[in-house]
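Data block below; observations after.
Residue numbers begin at 1 in each chain, while the letters A, B, ... track the order of the sequences.
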Amino acid sequence: MKQSIKDMVAQALSKAFQAGDLTSDDFPDITVDEPRIEAQGDLSVNTAMVMAKNQKMSPRKIADIILKHLDDPQSIVEKTDIAGPGFINFFMHPKAYHPVVHTVHEQNERYGASDMGTGIRTQVEFVSANPTGPLHVGHGRGAAVGDSVARILRFCGYDVQTEYYINDSGRQINTLGRSVYLRYLEKTGQTLTFPDDCYKGDYIVDLADQILARDGRALLDMSDEEGINICARFAADSILADIAEDLKNFGVTFDQWFSEQSLYDDGKVQEAMERLKSNKTVYENDGAFWFNTTAFGDEKDRVVVRSNGQTTYFASDIAYHQNKFARGFNQIIDVWGADHHGYIPRMKACISASGHDSNDFHVILVQLVSLLRDGKPVAMTTRGGVFETLKDVVDEVGSDAARFIFLSRHYESQLEFDLELAKKKTNDNPVFYVQYVHARISSILKKAADEKNIHTFERNDEAVSLLLESEETGLIKALARYPEVIETAGKNLEPHRITYYLMNLSSLFHAYYNKHKVLTDDPLLTTGRLYLILAVQKVIKNGLSLLGVSAPEHM
RNA sequence: GCGCCUGUAGCUCAGUUGGAUAGAGCAACGGACUUCUAAUCCGUAGGUCGUACGUUCGAGUCGUACCAGGCGCGCCA
């Protein structure tokens, strides 16, 4: 639709120039907007204003000239108007939108898909929580965002791989093992003071119980180191399995689980360090090795190998991101918690120093989630061992509601997640509002089948041409916008645009439903309306699937 | 102190990448169920877009400074 207007205006411009009405043929790009206000038409063009300086004419006069030369062979434009400082407003004929309904049906679940990412291999890495404890709601938001971004990019034609990076090397795993080991010792009757730097959650005690059940008191005959080791391996495996399970119940699975330890085992970290040393990007000072990140805009240089010989987390991250590019990805997307934002400059530095374009590396910083119950904050301290896990939330409100709410805000906004609200089955809860549209339409289709014996839907131009109510035109216009919404969401990595779109489309549908009957006495009109709502249903289902939310047949 | 993010209706948030008279949901108030699902709809009310300059035909959107909140600034992960 926008393209048609664009072509028409472009043609008018060149005709006007040939006729001598314009002084310059240096024309700007024509952008077509949808005005917010109905009185300003369906589409508008600001070209006349943009051209004013160049043509040395007033915008309104240029607008006049454009309209004079405008051809509309298919008469899709009902009326035009010059308004304000020089906008040209187009009021489209309702029938101009009818082809959209056919397009939705023809393209089906591919409606809205594009090829803008064709040939671009993209990796989306998200969650990547340490296997030292269960996922909490913050991880849930990251999971929802990462998973949805991956789905959207795939739909936009990108070749996408999702990945979970497992921080399973040395230290934190050791702390985990020690925590479980100490709880184990307590279970066997020893009294001890539990250190502050150990994990205090109940799940640690559970893990100690499990080891006790499996190995009995056998660990008491070993050295502490050995005992800690056994506890560490058992606990990490067990927790990682739980994490995978929780994510699966949340509708999130990964193409790849990537172990940090494997980078050490395969010598990749060592390799990366040697390469950077020979580059002079990494240099020695005070017995430690430093990455020259300031040369790439960071505030200060960062240590990669400490003077005691141990590598830092940054070192393995460098190797990891080099490895990502080595695996052939052209574009790398990391989803991080907002508290890691200070890490971005050094990662960009590492990408650049490794000979890649730091513009191919995107970080989605997901802001914190504050969990509420009936409007009051739920305490969430990881250190103290009291927190709301993702599993608890998903068990309580369901995966659909949780995902939809996580994706109902821009990821850079802090999010308030009210548990009671998420469980409500009313208008307050946007998930049900959207899913209800899908269920309602299913219900109408069922009734059409049962009572009117209508089972199949084939293209019927005559029936669709009867869709002239303003609510119908509004719905079709919304359907027409969908591909553009997907494209913007993909380009900006912003799933919430789809969430908002779906709520808007749902609102239009509910209003239509309340005002007009779909199943009428007029068979042709009924056919047209069924065809329309079926298209709406397809788009709703499609959009929900990009968010990872189900589309129920009945509720 | 430095850096990043945020600041829009009473509350929670959008805002088509610089367009016209700034939107939605919730809360408040008033209406609509003999119905294809009332888990819905219709209406009313609600604003100095944190503040001040600047950029231009035009600023919620871009720039600078300040104010407020959150987060980050280790040879931690």
Atom [atom1], compared across [N] and [M]: separation rounded to whole Å:
N: B/rG31; M: B/rC67; atom1: C1'; value: 45 Å
N: B/rU51; M: B/rG7; atom1: P; value: 13 Å
N: B/rU8; M: B/rU44; atom1: P; value: 26 Å
N: B/rA9; M: B/rA14; atom1: C1'; value: 13 Å
N: B/rU6; M: B/rC13; atom1: P; value: 13 Å

Exercise for the section: Name the residue closer to the 5' end of RNA chain B, choosing between A/E451 and A/H341 according to the nucleotide with the nearest heavy atom. Expected result: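 Taking each residue's closest nucleotide, the earlier one in sequence belongs to A/H341.
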Exercise for the section: Please tell me which of A/A288 and A/L368 maps to the more 5' nucleotide of RNA chain B, matching each residue to the nucleotide holding its nearest heavy atom. Expected result: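 Of the two residues, A/L368 wins.
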So what does [X] hit on the nucleic acid, given a heavy-atom distance under 4.0 Å: a base, only sugar-phosphate, or nothing?
X: A/N46; result: base
X: A/H516; result: base
X: A/H554; result: base
X: A/Y513; result: base

Handout entry: Flag side-chain contact, heavy atom, 4.5 Å: A/R481 against A/N504
Key =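 With C-beta onward as the side chain, the pair touches.
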Handout entry: Side chain proximity check, A/I444 to A/L530, heavy atoms < 4.5 angstrom
Key =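 Yes. Closest side-chain heavy atoms under 4.5 Å.
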So what's [N] paired with, Watson-Crick or G-U wobble, going by both distances under 3.5 Å?
N: B/rU16; value: none
N: B/rG3; value: B/rC71
N: B/rA32; value: B/rU40
N: B/rG60; value: none

Ignoring hydrogens and geometry beyond distance, is the side chain of [X] in donor-acceptor contact with the base of [N] at under 3.5 Å?
X: A/N504; N: B/rA14; result: no
X: A/S307; N: B/rC75; result: yes
X: A/D33; N: B/rG19; result: no
X: A/S507; N: B/rA24; result: no

Could you state the [atom1]-[atom2] distance from [X] to [N], rounded to the nearest angstrom?
X: A/N514; N: B/rA32; atom1: CG; atom2: C1'; answer: 9 Å
X: A/Y512; N: B/rU35; atom1: OH; atom2: P; answer: 20 Å
X: A/F314; N: B/rG74; atom1: CZ; atom2: C1'; answer: 14 Å
X: A/L365; N: B/rG72; atom1: CG; atom2: P; answer: 12 Å
X: A/E34; N: B/rA20; atom1: CD; atom2: P; answer: 13 Å
X: A/R409; N: B/rC11; atom1: CZ; atom2: C1'; answer: 11 Å
X: A/K424; N: B/rU40; atom1: NZ; atom2: P; answer: 12 Å
X: A/Q367; N: B/rG70; atom1: CD; atom2: P; answer: 12 Å

Problem - Lys/Arg-Asp/Glu bridge criterion (N-O < 4.0 Å) met for A/K491, A/E487 - result: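 Salt bridge present between A/K491 and A/E487.
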Handout entry: Ion pair A/D298/A/R302, N-O distance below 4.0 Å
Key =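 A salt bridge links A/D298 with A/R302.
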Practice task
Classify the angle between the aromatic ring planes of A/Y320 and A/Y165 as parallel (below 30°), tilted (30 to 60°) or perpendicular (above 60°).
Solution key: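 It falls in the parallel class, under 30°.
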Handout entry: Parallel, tilted or perpendicular: rings of A/F291 and A/F314 (30°, 60°)
Key =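 Geometry flag for A/F291 against A/F314: tilted rings.
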